[in-house]
There are 2 protein chains.
Amino acid sequence: MTTLEKDLETRLAEDHHQAIKLWLRMLTCTNLITGKIRGRLRENFATTLPRFDLLAQLERHPEGLRMGELSQRMMVTTGNVTGIADQLEAEGLVRREADPKDRRSVVLRLTPKGQAVFSAMAKVHEGWVIEFFEGLSTEEKETLYALLGKLKRHLNGRRSP
Amino acid sequence: MTTLEKDLETRLAEDHHQAIKLWLRMLTCTNLITGKIRGRLRENFATTLPRFDLLAQLERHPEGLRMGELSQRMMVTTGNVTGIADQLEAEGLVRREADPKDRRSVVLRLTPKGQAVFSAMAKVHEGWVIEFFEGLSTEEKETLYALLGKLKRHLNGRRSP
DNA sequence: CCTCATTATTTTAGAGCTAAATAAAAAGTG
DNA sequence: CACTTTTTATTTAGCTCTAAAATAATGAGG
């Protein structure tokens with residue numbers, strides 16, 4: 001084996017190791033942040049991250065969203081959305097409505113109470129996220145955002161969507 | 001309000017929005033990757049991500065790890081580690097051993113079968129991760145790794161450890 | 001009409017995960 | 001040494017999530 005070949009092999013191996021290290025670090029950061037958010041949502045508002053997430057999606061879509069749309073946006077199964085929606089409906093924060101265009105569909109909307117409860121939480125939540133990322137400068141956040149955008153396109157682009 | 005103040009305020013608001021967008025994109029990328037890995041682990045090896053994660057930790061520490069050490073490294077509760085270890089022990093992949101230095105502790109180690117099963121999976125798993133990140137160049141991965149490192153230090157450094 | 005494939009939601013079974021309570025051993029303190 | 005606090009692992013109750021099966025409505029073709 002020549003020196004050039006050895007170098008190429010080494011560089012490839014390092015690149016492989018690099019991807020693994022990168023992935024583990026990314027996973028760690030995400031876990032740290034979700035853990036903090038989960039704990040604070042519980043302590044401050046006695047609610048959970050998926051409940052908050054569902055309300056956030058509805059708040060961005062006052063016209064309501066179907067269960068399938070919610071499951072796509074929240075990246076969970078429709079069965080999971082059903083369970084979370086059940087709880088929020090029991091708490092009076094969301095309402096199931098019939099879709100006039102398709103009787104198979106259910107459209108979920110925020111109730112006035114749900115809007116009020118969510119907007120109180122959203123302000124505080126935004127502050128937490130700002131705090132978590134304030135270790136990075138605006139330029140660094142911009143770079144990170146762009147790199148993750150490229151990663152996301154690659155992940156969505158090829159197989160197993 | 002003067003023009004300067006308005007600009008400052010606008011810039012701050014944009015910075016806030018930036019943190020939220022960044023966080024949501026980061027969460028999306030992580031969810032996409034974990035979803036792919038989970039599905040492939042199930043299809044190819046009939047196992048799950050937390051099981052794989054526990055085996056991976058033990059593989060890096062042939063001397064064994066205590067339940068508490070595992071829970072820290074896996075970023076889950078010790079109760080959760082107990083349950084996953086129960087399953088892996090029933091499958092004969094790990095073994096509980098008494099810690100001679102501390103009778104409260106349990107040291108978990110890979111069995112020979114566990115080593116064999118894991119190393120077969122690890123090779124394939126590494127290939128998946130390389131594939132997920134090959135949309136980025138070596139330099140881009142390096143930049144992403146560094147930025148996440150800075151983020152991680154900030155997250156660990158301040159309140160709520 | 002009537003079937004057949006598709007789409008939308010719910011239900012079910014089981015693993016994952018947390019927080020809190022428990023039990024046992026170790027470590028610190030007067 | 002006795003007493004208290006801390007540490008370590010397990011257990012328990014309850015929510016979260018998935019995959020797969022069950023319901024039910026839509027739509028296309030014959």
Side-chain angles (χ1 to χ4, degrees), chain A residues 27 30-32 34-55 64-91 94-108 160, chain B residues 27 30-32 34-55 64-91 94-108 160:
Chain A
L27 192 55
T30 303
N31 283 341
L32 282 172
T34 55
K36 285 169 190 275
I37 293 178
R38 208 172 3 186
R40 293 185 186 188
L41 279 177
R42 187 174 47 83
E43 289 168 9
N44 293 283
F45 300 109
T47 192
T48 65
L49 195 45
R51 278 179 174 87
F52 179 84
D53 193 12
L54 197 155
L55 294 178
L65 288 171
R66 288 175 300 162
M67 305 301 266
E69 289 174 333
L70 274 168
S71 100
Q72 283 187 334
R73 291 175 194 278
M74 297 172 65
M75 305 185 78
V76 297
T77 60
T78 55
N80 192 2
V81 173
T82 296
I84 299 167
D86 286 347
Q87 300 173 14
L88 293 172
E89 193 177 29
E91 295 169 17
V94 305
R95 182 169 46 225
R96 277 183 168 89
E97 296 181 356
D99 184 344
K101 296 182 170 58
D102 189 337
R103 278 186 296 171
R104 293 169 304 177
S105 294
V106 175
V107 173
L108 217 61
S160 47
Chain B
L27 192 55
T30 303
N31 282 339
L32 282 172
T34 55
K36 285 168 191 274
I37 293 178
R38 207 179 1 207
R40 293 185 186 187
L41 279 177
R42 187 174 47 81
E43 290 168 9
N44 293 283
F45 300 109
T47 192
T48 65
L49 196 43
R51 277 179 175 86
F52 179 84
D53 193 12
L54 197 155
L55 294 178
L65 288 172
R66 288 175 300 161
M67 306 301 265
E69 290 173 333
L70 275 167
S71 100
Q72 283 187 336
R73 292 174 194 279
M74 297 172 66
M75 305 185 77
V76 297
T77 61
T78 55
N80 191 2
V81 173
T82 296
I84 298 168
D86 286 348
Q87 299 174 14
L88 293 172
E89 194 177 28
E91 295 169 16
V94 305
R95 182 170 44 225
R96 277 181 169 91
E97 296 183 356
D99 184 345
K101 296 181 170 57
D102 188 337
R103 278 187 297 170
R104 294 169 304 179
S105 294
V106 175
V107 174
L108 218 61
S160 48

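By convention in this document, chain letters (A, B, ...) are assigned in the order of the sequence lines, proteins followed by strands, and residues within each chain are numbered from 1. Computation of the quantities below employed the complete heavy-atom set of this structure, encompassing side-chain atoms and omitting hydrogens, waters and symmetry-equivalent molecules.
- Between A:Asn80 and D:dT16 there is no side-chain N or O to OP1 or OP2 distance below 4.0 Å.
- For the pair B:Asp53 CG and C:dA15 P, the interatomic distance rounds to 19 Å; values are reported in whole Å.
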Under the side chain to side chain contact (heavy atoms under 4.5 Å, CB included) criterion, do A:Leu41 and A:Thr47 qualify, and how do the steps go? CA-CA 6 Å; A:Leu41 279 177; A:Thr47 192; 4.1 Å; yes

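- Counting heavy atoms from C-beta outward, B:Arg73 and B:Asp53 have side chains that stay 4.5 Å or more apart.
- When each of D:dC17, C:dA8, C:dA25 is scored by its nearest atom to the side-chain atoms of A:Val76, the top-ranked nucleotide is D:dC17.
- Residues B:Asp99 and B:Val106 form no side-chain contact, since every pair of their non-hydrogen atoms from C-beta on lies 4.5 Å or further apart.
- Taking only side-chain atoms of A:Gln87, from C-beta outward, the nucleotide of D:dC17, D:dC15, C:dA26 with the closest atom is D:dC15.
- Distances from the side chain of A:Ile84 to the nucleotides C:dT18, D:dC17, C:dA8 place D:dC17 closest.
- Distance CG (A:Asp99) to P (D:dT26): 10 Å, rounded to an integer number of Å.
- Between A:Glu69 and A:Arg66 there is a salt bridge, since a side-chain N of the basic residue sits under 4.0 Å from a carboxylate O of the acidic one.
- Considering B:Val76, B:Asn80, B:Ile84, B:Val81 as possible partners of B:Pro50, the one that fulfils the side-chain contact (heavy atoms from CB on, under 4.5 Å) test is B:Ile84.
- Applying a 4.0 Å cut-off to non-hydrogen atoms, the residues of residues 64-74 of chain A that approach DNA chain C are A:Arg66, A:Met67, A:Gly68, listed by residue number.
- The distance from atom CG of B:Leu88 to atom C1' of C:dA15 is 12 Å, rounded to the nearest whole Å.
- Relative to the axis of its first five pairs, the axis of the last five pairs of the helix from C:dC1-D:dG30 to C:dG30-D:dC1 sits at 10°, rounded to 10 degrees.
- Between B:Arg40 atom CZ and D:dA19 atom P there is a gap of 14 Å when expressed in whole angstrom units.
- Listed candidates were C:dC17, D:dT18, D:dA9. Nearest to the side chain of B:Arg38 is D:dT18.
- Position along DNA chain D of the nearest nucleotide to A:Pro50 versus B:Thr82 favours B:Thr82 as the more 5'-ward residue.
- The distance from atom NZ of B:Lys101 to atom C1' of C:dA25 is 16 Å, rounded to the nearest whole Å.
- Distances were taken from every side-chain heavy atom of A:Arg103 (C-beta onward) to each of D:dT26, C:dA25, D:dT16; the shortest belongs to D:dT26.
- Across all strands, A:Thr78 comes closer than 4.0 Å to base atoms (heavy-atom distances).
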Does A:Thr48 form a side chain to side chain contact (heavy atoms under 4.5 Å, CB included) with A:Arg42? I'd like the steps, not just the answer. CA-CA 6 Å; A:Thr48 65; A:Arg42 187 174 47 83; over 6 Å; no

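- Each of A:Arg96 and A:Arg104 has a nearest nucleotide on DNA chain C; the 5'-most of these lies closest to A:Arg104.
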Test log, rule side chain to side chain contact (heavy atoms under 4.5 Å, CB included), inputs B:Met67 and B:Thr82: CA-CA 7 Å; B:Met67 306 301 265; B:Thr82 296; 4.1 Å; yes

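- Spacing between atom CZ of B:Phe45 and atom C1' of C:dA15 amounts to 20 Å, rounded to whole angstrom units.
- Checking C:dA15, D:dT18, C:dA26 against the side-chain heavy atoms of A:Thr77 singles out D:dT18 as nearest.
- In terms of the salt bridge (charged side-chain N to carboxylate O under 4.0 Å, His left out) criterion, residue partners of A:Glu89 (sequence neighbours excluded) are, by chain and number, A:Arg96.
- Regarding A:Lys36, its NZ atom lies at a distance of 15 Å from the P atom of C:dT18, rounded to whole Å.
- Out of C:dA15, D:dT8, D:dA20, the shortest distance to the side chain of B:Arg42 is found at D:dA20.
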Take B:Leu49 and B:Thr34, measure what side chain to side chain contact (heavy atoms under 4.5 Å, CB included) needs, and give me the verdict at the end. CA-CA 8 Å; B:Leu49 196 43; B:Thr34 55; 4.2 Å; yes

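- Counting to the nearest Å, the P atom of C:dA19 and the CG atom of A:Leu49 are 13 Å from each other.
- In summary, B:Asp102 and B:Arg104 engage in a salt bridge, as defined by a charged side-chain N under 4.0 Å from a carboxylate O.
- Nearest to the side-chain atoms of B:Ser105 among the listed nucleotides D:dT18, C:dT10, D:dA9 stands D:dA9.
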